[in-house]
Amino acid sequence: NKMKILQLDKNHPLITEQLSSKGFEIDDDFSSPYDEVLKKIHEYDGIIIRSRIPVDRNLIEHGRNLKFIARVGAGMENIDGEFATRSGISLISSPEGNRDAVAEHVLGMLLILMNRLFIASNEVKNGIWKREENRGDELLGKTFGIIGYGNMGKAVAKRLSGFGVKVIFHDILPNLSDEFATQVSLEQLQEEADILSLHLPITPETRYIFNAELISGMKKNFYFINTARGENVNTKDLVKAMKSGKIKAACLDVLEFEKPSFENLDAKNEDLEYLLHSENAIVTPHIAGWTIQSKEKLAQIIVDKILAQFS
């Protein structure tokens, strides 16, 4: 029998092309709400998602024929992974596909802020020519601290190898040091880092891991980068530290106030308003992993993993 797959988000067409050519039957549904998907999920052997529909226990129970759930991306927090695994369903993701995009985005945001590129460019376009006020800050000689040394963290460390920075990281798994970065305790990272970048999934342990306590443990005033998940960061504590100067500037691709689908912001409040209007913050719309190349790589990895298990 042909395996039937339901694709719930638009992805690169190669997914449909390649899986169809291998005998899989692919149905696309990019618009039905959760309740409609619930009614037909039992017809499918697999689903391919991004973030539009939460794959919770209820959906998994209705999908009694499901053999796999594939997410085109890295984070799996919109899937009840524990229940899926207990139900004998294979979980597939593709963090390898957008790690290079994330690493380049991290560097791009940081260089823009440290060299005041947006500010200076806007001033010149408005007839203002300031040189001393726009004196930049160099990466060379700084210590770059990473929390979370998986696919994304490693890709960032690798990109930094030509910048003359010392790269250190903290991770809950042991023995991860490599040619690009050295593993240290959280305390040593807080002692040494001039820049701090988060590369963590969202779990009960990592929700609001970046908070007043972690910030106050940082010995130096520092630059902060988050391309992981918005809820890794307590925004109120972040803004307070920016106002005090403890955080020199923040590069944020994700925000605590995003919708679960990542398609827009859920809330407006004074902390968010501060970030959106601060010269010392650069904010992008959850696009660190979104490049022309990563769209294709993410899809190809998903196809390869599905074929490896089910063809």
Side-chain angles (χ1 to χ4, degrees), residues 1-99 101 151 201-204 229 231 258-264 266 286-287 289-311:
N1 284 350
K2 276 187 178 181
M3 273 185 92
K4 280 185 75 175
I5 298 173
L6 179 62
Q7 191 168 213
L8 289 168
D9 296 89
K10 280 184 184 170
N11 290 300
H12 196 285
L14 73 80
I15 291 181
T16 301
E17 289 161 13
Q18 293 187 20
L19 290 177
S20 298
S21 75
K22 296 289 186 184
F24 291 80
E25 191 180 316
I26 315 288
D27 289 344
D28 292 339
D29 185 344
F30 307 145
S31 59
S32 289
Y34 176 90
D35 291 344
E36 293 297 313
V37 173
L38 206 60
K39 289 176 193 168
K40 62 178 179 181
I41 193 73
H42 66 278
E43 299 170 21
Y44 294 94
D45 301 291
I47 50 175
I48 298 174
I49 62 160
R50 282 209 321 262
S51 305
R52 189 174 74 80
I53 300 252
V55 184
D56 57 13
R57 180 174 181 147
N58 186 35
L59 193 84
I60 293 166
E61 283 175 340
H62 278 73
R64 52 184 176 270
N65 295 309
L66 285 177
K67 294 170 183 65
F68 72 83
I69 300 163
R71 178 160 191 274
V72 184
M76 301 289 274
E77 72 272 12
N78 61 333
I79 302 166
D80 187 335
E82 203 177 302
F83 184 70
T85 305
R86 278 211 311 275
S87 306
I89 297 168
S90 182
L91 296 176
I92 299 169
S93 65
S94 52
E96 312 93 330
N98 60 356
R99 60 188 173 195
N151 277 286
I202 195 80
T203 67
R229 287 290 183 260
E231 287 196 344
E258 282 176 73
K259 290 184 176 177
S261 66
F262 309 138
E263 290 303 311
N264 214 321
D266 232 355
H286 205 128
I287 54 164
W290 286 56
T291 59
I292 297 156
Q293 292 81 4
S294 74
K295 185 175 183 180
E296 186 169 342
K297 283 191 272 189
L298 286 165
Q300 189 62 61
I301 287 161
I302 287 294
V303 168
D304 293 346
K305 287 183 178 180
I306 290 171
L307 292 177
Q309 273 188 262
F310 297 103
S311 65

Task: Donor-acceptor under 3.5 Å (D45 side chain, K67 main chain) - done: no
Open item on the list: Show the nearest heavy-atom pair for residues I60 and A84, with the distance to one decimal.
Closed with: CD1-CB, 3.9 Å
Open item on the list: With rounding to the nearest 0.5 angstrom, report the CD1 to OG distance, I49 to S51.
Closed with: 7.0 Å
Open item on the list: Between D80 and R57, is the salt bridge (charged side-chain N to carboxylate O under 4.0 Å, His left out) condition met? List the steps.
Closed with: CA-CA 6 Å; D80 187 335; R57 180 174 181 147; 6.0 Å; no
Open item on the list: Before you tell me yes or no, could you show the steps for D28 and Q7 under side chain to side chain donor-acceptor pair (under 3.5 Å), namely the whole-Å CA-CA distance, both residues' side-chain angles and the distance that decides it to 0.1 Å?
Closed with: CA-CA 5 Å; D28 292 339; Q7 191 168 213; 3.0 Å; yes
- [ ] Decide yes or no for S31 and D29: does some side-chain heavy atom of the first lie under 4.5 Å from some side-chain heavy atom of the second?
- [x] yes
TODO: Only counting residues at least two apart or in another chain, list the ones meeting side chain to side chain donor-acceptor pair (under 3.5 Å) with T203.
DONE: E205, T206
- [ ] To the nearest 0.5 Å, tell me how far K297 NZ sits from R99 CZ.
- [x] 8.0 Å
- [ ] Could you go through the side chain to side chain contact (heavy atoms under 4.5 Å, CB included) check for M3 and E25 one step at a time?
- [x] CA-CA 6 Å; M3 273 185 92; E25 191 180 316; over 6 Å; no
- [ ] Drop me the distance from I89's CD1 to I79's CD1, to the nearest 0.5 angstrom.
- [x] 10.0 Å
Open item on the list: Name the residue from L8, V55, I53 that meets the side chain to side chain contact (heavy atoms under 4.5 Å, CB included) definition with Y34.
Closed with: I53
Task: Closest heavy-atom pair and its distance - S93, M76 - done: CB-SD, 3.5 Å
- [ ] May I ask you to check if K4 and Y44 form a cation-pi contact, with NZ or CZ under 6.0 angstrom from the six-membered ring centre and within 45° of the axis?
- [x] yes
Open item on the list: Please report the interatomic distance CG(L298) to OG(S94), rounded to the nearest 0.5 Å.
Closed with: 4.5 Å
Task: Heavy-atom pair with the smallest gap, counting every atom of R52 and S32 - done: NH1-O, 2.8 Å
Task: Value rounded to 0.5 Å, distance of NZ in K2 from CZ in F24 - done: 11.0 Å
Open item on the list: Whether the side chain of T291 engages the backbone of S294 through a donor-acceptor N/O pair (distance < 3.5 Å, no angle test) should be reported.
Closed with: yes
- [ ] Report, as yes or no, whether the 6.0 Å neighbourhood of atom NZ on K22 holds more than 12 heavy atoms from other residues, nucleotides or ligands.
- [x] no
Task: Side chain proximity check, Q309 to F68, heavy atoms < 4.5 angstrom - done: no
Open item on the list: Can you give me the closest heavy-atom contact between V72 and A299, atom names plus distance?
Closed with: CG1-N, 4.3 Å
Task: Chi angles and distances behind the side chain to side chain contact (heavy atoms under 4.5 Å, CB included) call for I47, L66 - done: CA-CA 8 Å; I47 50 175; L66 285 177; 4.2 Å; yes
Task: Backbone of R50 reached by a side-chain donor or acceptor of R71 within 3.5 Å - done: yes
TODO: List the steps, then state whether side chain to side chain contact (heavy atoms under 4.5 Å, CB included) holds for H42 with H62.
DONE: CA-CA 6 Å; H42 66 278; H62 278 73; 5.9 Å; no
Open item on the list: Would the distance check show the side chain of N11 and the main-chain N or O of P13 forming a donor-acceptor pair, the cut-off being under 3.5 Å?
Closed with: no
Open item on the list: Between E43 and K40 (salt bridge meaning N to carboxylate O under 4.0 Å), is one present in this structure?
Closed with: no
Task: Candidates I48, L14, I302 - the one meeting side chain to side chain contact (heavy atoms under 4.5 Å, CB included) with L19 - done: I48
- [ ] Decide side chain to side chain contact (heavy atoms under 4.5 Å, CB included) for D56 and L59; before the verdict, give the C-alpha distance in whole Å, the side-chain angles of both, and the deciding distance to 0.1 Å.
- [x] CA-CA 5 Å; D56 57 13; L59 193 84; 3.5 Å; yes
Open item on the list: How long is the straight-line distance from CG of L307 back to OG of S21, given to the nearest 0.5 Å?
Closed with: 8.0 Å
Task: Any donor-acceptor pair under 3.5 Å from S20 side chain to E17 backbone - done: no
